[in-house]
Amino acid sequence: MSILTLIFRLLLTATLLFGAFVMSFTLNAQQLNRYTALKVQQATVLQQQDKLEQAITILTEHKPSSKYDQAFVGRVLGVYLWRDNKPNEAIIALENAISLHALSVESQWKTQRMLADILFSEQQYKRSIGHYQQLTASSFESKGKDKNAKQQQKNNEIFLRIATANYQLQRWTETLSTLNKYQPADRNDQLQVLKLTVVAQLNVKHWQSAERTLAMLINMEPNEPNWWRQQVAVQFQLKRSSEALITYSLAKQQGVAFRVSDYKALSQLYAQQKMPERAARISDEMMQAFPTTRTEQQLIYLATYWQQAKEWNRAIKVWTELNSINAKHSWPLAKLQLQQGNYQSSLNTLTSAKTYADPQQFALVHIRVLYKLHQYEKALLAAKRFNEQFPSESAKSWVTYLQNKQHLLNTSFKSEL
């Protein structure tokens, strides 16, 4: 149930309250002046015949002298005006009735409750809160043995209205303080209170409290993706990446539908926790579930994860795909092919990698590939060029080694002759 549904439920409750209130008119009519009672009775009959405008006219034109009669007529008129879709006029009529302080304690309380509910339904939340707060500060003696329980129930309903009104006004601290007074009647009530609570907690950045509330929401609605996502977001705020990883993993086990952002976050968390293989598998799963995510950048992440996981063949496959997209990826591909003994493939890849590689590093890899392919003369020429361009101990070592290698081969060849 959404917040809007919750508000609708509150308004429906208010409507039922008004209906019960109308039925109570006849019980109090005996206290009215005879002429006023006659007018109220006429208006009541007309409204029962769906002739609201006529009923309203009778009550509007009647000007009783006593304050009690004025207040009684005012509250009846307020109900009829509200039913006739004239909320502003209904509010004025009820305010006038309340201001006279002529009704009994119970009638005064119920009239103010009506006024507060109408203000709430008209989204005049600040004004409704003022009246609701007055209602919780006053009480009347209910009949029966359970009078205290009835009064507590009334206050409980009002606390929820105050909390919801503060929620609509984005007064988060007030929302939380009022919700603390509310006692949920059942599981559905508890669920709605938790939903209001967590939004307020997130807005005031009470991360630890929000984490506890979200844990309860996840327990009650385990298939609701938003609770899991918000829990992860809160755990990030608390710098608890390991807990965030657990939360995401549990969400996946629960079968919660993942979005692209969820897959990305989970794979990054695995990578941060030094679990590159899992990071790669989640990233790969994302690309299968959402083919449009198979972008160059995501493939770079995937190749890197496989490489960190020492899944060399998988990494080569992804780097090869990347190389077909953009030749700049030929350099990491060539190095990995060399590492895995794919020397001819590495040599082929190097033809396009030179532009994107550091010249010294490229020269060393090129020499090594030629050496591994037993192309010693080409390797020696490459080593000499390397030594001329970038004189170094490494370059000299290759030149010396390859010269000796070539000398040994020549000597061996002559001896065979």
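One is the number of the first residue; the rest follow in order along the sequence. This is a predicted model, so every value here is computed, not measured.
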For residues Gln108 and Ala102, report the shortest heavy-atom separation together with the two atoms involved. OE1-N, 4.5 Å
Given side chains that start at C-beta, do those of Gln170 and Thr175 come closer than 4.5 Å, heavy atoms only? no
With sequence neighbours excluded, tell me which residues meet ring-ring contact (aromatic ring centres under 6.0 Å, His included) with His62. Tyr35
Might you confirm whether atom CD of Gln42 has over 12 heavy atoms from other residues, nucleotides or ligands at distances under 6.0 Å? yes
Taking the basic N atoms (NZ, or NE/NH1/NH2) and the acidic carboxylate oxygens, is any pair closer than 4.0 Å for Arg127 and Glu95? yes
Quick one: are Ser283 and Trp306 in side-chain contact, heavy atoms under 4.5 Å? no
Partners passing ring-ring contact (aromatic ring centres under 6.0 Å, His included) against Trp398 (at least two apart in sequence or in another chain): Tyr371
Using side-chain heavy atoms (C-beta onward) and a distance below 4.5 Å, is Asp117 in contact with Arg161? yes
Salt bridge or not for Lys384 and Glu388, using N-O below 4.0 Å? no
State which residues pass side-chain hydrogen bond (donor to acceptor under 3.5 Å, both in side chains) with Gln201; sequence neighbours excluded, sorted by chain then number. Thr213
Only distances under 3.5 Å count here; give the side-chain donor-acceptor pairs of residues 295-305 to other protein atoms, sequence neighbours excluded, each with its distance to 0.1 Å.
residue, atom, partner, partner atom, Å
Thr295, OG1, Gln298, N, 3.3
Glu296, OE2, His329, NE2, 2.8
Thr304, OG1, Ile300, O, 2.7

What residues, two or more places apart in sequence or in another chain, satisfy side chain to side chain contact (heavy atoms under 4.5 Å, CB included) together with Lys181? Phe159
What distance separates Leu191 CG from Met216 CE, expressed to the nearest 0.5 Å? 11.0 Å
Please round to the nearest 0.5 Å and tell me the distance separating atom CD of Gln237 and atom CG of Leu202. 9.5 Å
I'd like to know if the side chain of Asn342 reaches the main chain of Leu338, judged simply by a donor and an acceptor atom lying under 3.5 Å from each other, with no hydrogens or angles considered. no
Heavy-atom neighbours of Lys378 NZ exceed 12 at 6.0 Å: no
Does Asp186 use its side chain to pair, donor to acceptor, with the backbone of Asp189 at less than 3.5 Å? yes
Between Glu285 and Phe258, is there a side-chain heavy-atom distance shorter than 4.5 Å? no
What residues, two or more places apart in sequence or in another chain, satisfy side-chain hydrogen bond (donor to acceptor under 3.5 Å, both in side chains) together with Tyr343? none
Mark yes or no for whether Asp262, through its side chain, and Arg259, through its backbone, hold a donor-acceptor pair below 3.5 Å. yes
Apply side chain to side chain donor-acceptor pair (under 3.5 Å) to residues Asn188 and Gln192 and explain how you reach the verdict. CA-CA 6 Å; Asn188 286 334; Gln192 299 318 313; 5.8 Å; no
Taking side chain as C-beta onward, heavy atoms only, is Lys39 less than 4.5 Å from Leu32? no
Donor-acceptor pair, Lys63 side chain versus Thr60 backbone, under 3.5 Å? yes
Mind listing the closest non-hydrogen atom pair of Ala93 and Gly74 along with its distance? CB-O, 3.7 Å
With sequence neighbours excluded, residues passing ring-ring contact (aromatic ring centres under 6.0 Å, His included) with Trp172: Tyr167
Test item: Trp228 side-chain N/O and Leu250 main-chain N/O as donor-acceptor pair under 3.5 Å: no
How many angstroms lie between NE2 in His206 and OG1 in Thr173, if you round to the nearest 0.5 Å? 6.5 Å
Check step by step if side chain to side chain donor-acceptor pair (under 3.5 Å) holds for Trp227 and Glu221. CA-CA 8 Å; Trp227 305 143; Glu221 291 187 328; 2.8 Å; yes
Over all heavy atoms of both residues, which pair between Tyr248 and Ser261 is shortest? Give the atoms and the distance, please. OH-O, 4.3 Å
Thinking salt bridges, do Arg113 and Glu157 make one under a 4.0 Å N-O criterion? yes
Any idea which heavy atoms bring Asp69 and Thr36 closest together, and the distance? OD2-OG1, 2.9 Å
For Tyr356, enumerate each residue passing the ring-ring contact (aromatic ring centres under 6.0 Å, His included) test, keeping only those at least two apart in sequence or located in another chain. none
Results of side-chain hydrogen bond (donor to acceptor under 3.5 Å, both in side chains) for Asn96 - residues two or more places apart only: none
Quick check: closest heavy atoms across Ile282 and Tyr263, and the distance to 0.1 Å? CG2-O, 3.5 Å
side-chain hydrogen bond (donor to acceptor under 3.5 Å, both in side chains) filter on Gln254, not counting sequence neighbours, yields Asn223
Is it true that the side chains of Tyr132 and Thr178 contain a donor and an acceptor less than 3.5 Å apart? no
Check whether Asn387 reaches the backbone of Ala383 with its side chain - one donor and one acceptor, N or O, closer than 3.5 Å. no
Atom OG1 in Thr349, atom CD in Gln344: separation rounded to 0.5 Å? 9.5 Å
Where do Ser242 and Gln273 land on the side chain to side chain donor-acceptor pair (under 3.5 Å) test, with the steps shown first? CA-CA 7 Å; Ser242 57; Gln273 296 297 314; 5.5 Å; no
To the nearest 0.5 Å, how far apart are CG in Asn166 and CG in Leu196? 10.5 Å
Treating Ser107 as the side-chain partner and Leu103 as the backbone partner, does any N or O pair qualify as donor plus acceptor under 3.5 Å? no
Atom CD1 in Ile98, atom OG1 in Thr111: separation rounded to 0.5 Å? 6.0 Å
Is a donor on one side and an acceptor on the other found under 3.5 Å between the side chain of Gln70 and the backbone of Pro64? yes
Mind checking side chain to side chain contact (heavy atoms under 4.5 Å, CB included) for Leu238 and listing every partner two or more places apart, or none if nothing turns up? Trp207, Gln208, Glu211, Val234, Arg240
What is the minimum heavy-atom distance between Ile367 and Ala379, and which atoms define it? O-CB, 4.0 Å
Quick test of your reading of the model: are Arg314 and Glu311 salt-bridged, counting only N-O distances below 4.0 Å? yes
Angle class for the Trp331/Phe362 ring planes (parallel below 30°, perpendicular above 60°, tilted otherwise)? tilted
Side chains of Ser394 and Leu364: does their closest heavy-atom pair fall under 4.5 Å? yes
Just wondering, do Ser241 and Gln235 contact through their side chains at under 4.5 Å, heavy atoms? no
With Glu321 via salt bridge (charged side-chain N to carboxylate O under 4.0 Å, His left out) - residues at least two apart: Arg294
Kindly say whether Gln133 contributes a backbone atom to a donor-acceptor pair with the side chain of Thr136 at under 3.5 angstrom? yes
Would you mind reporting whether Thr164 and Leu160 have side-chain heavy atoms less than 4.5 Å apart? yes
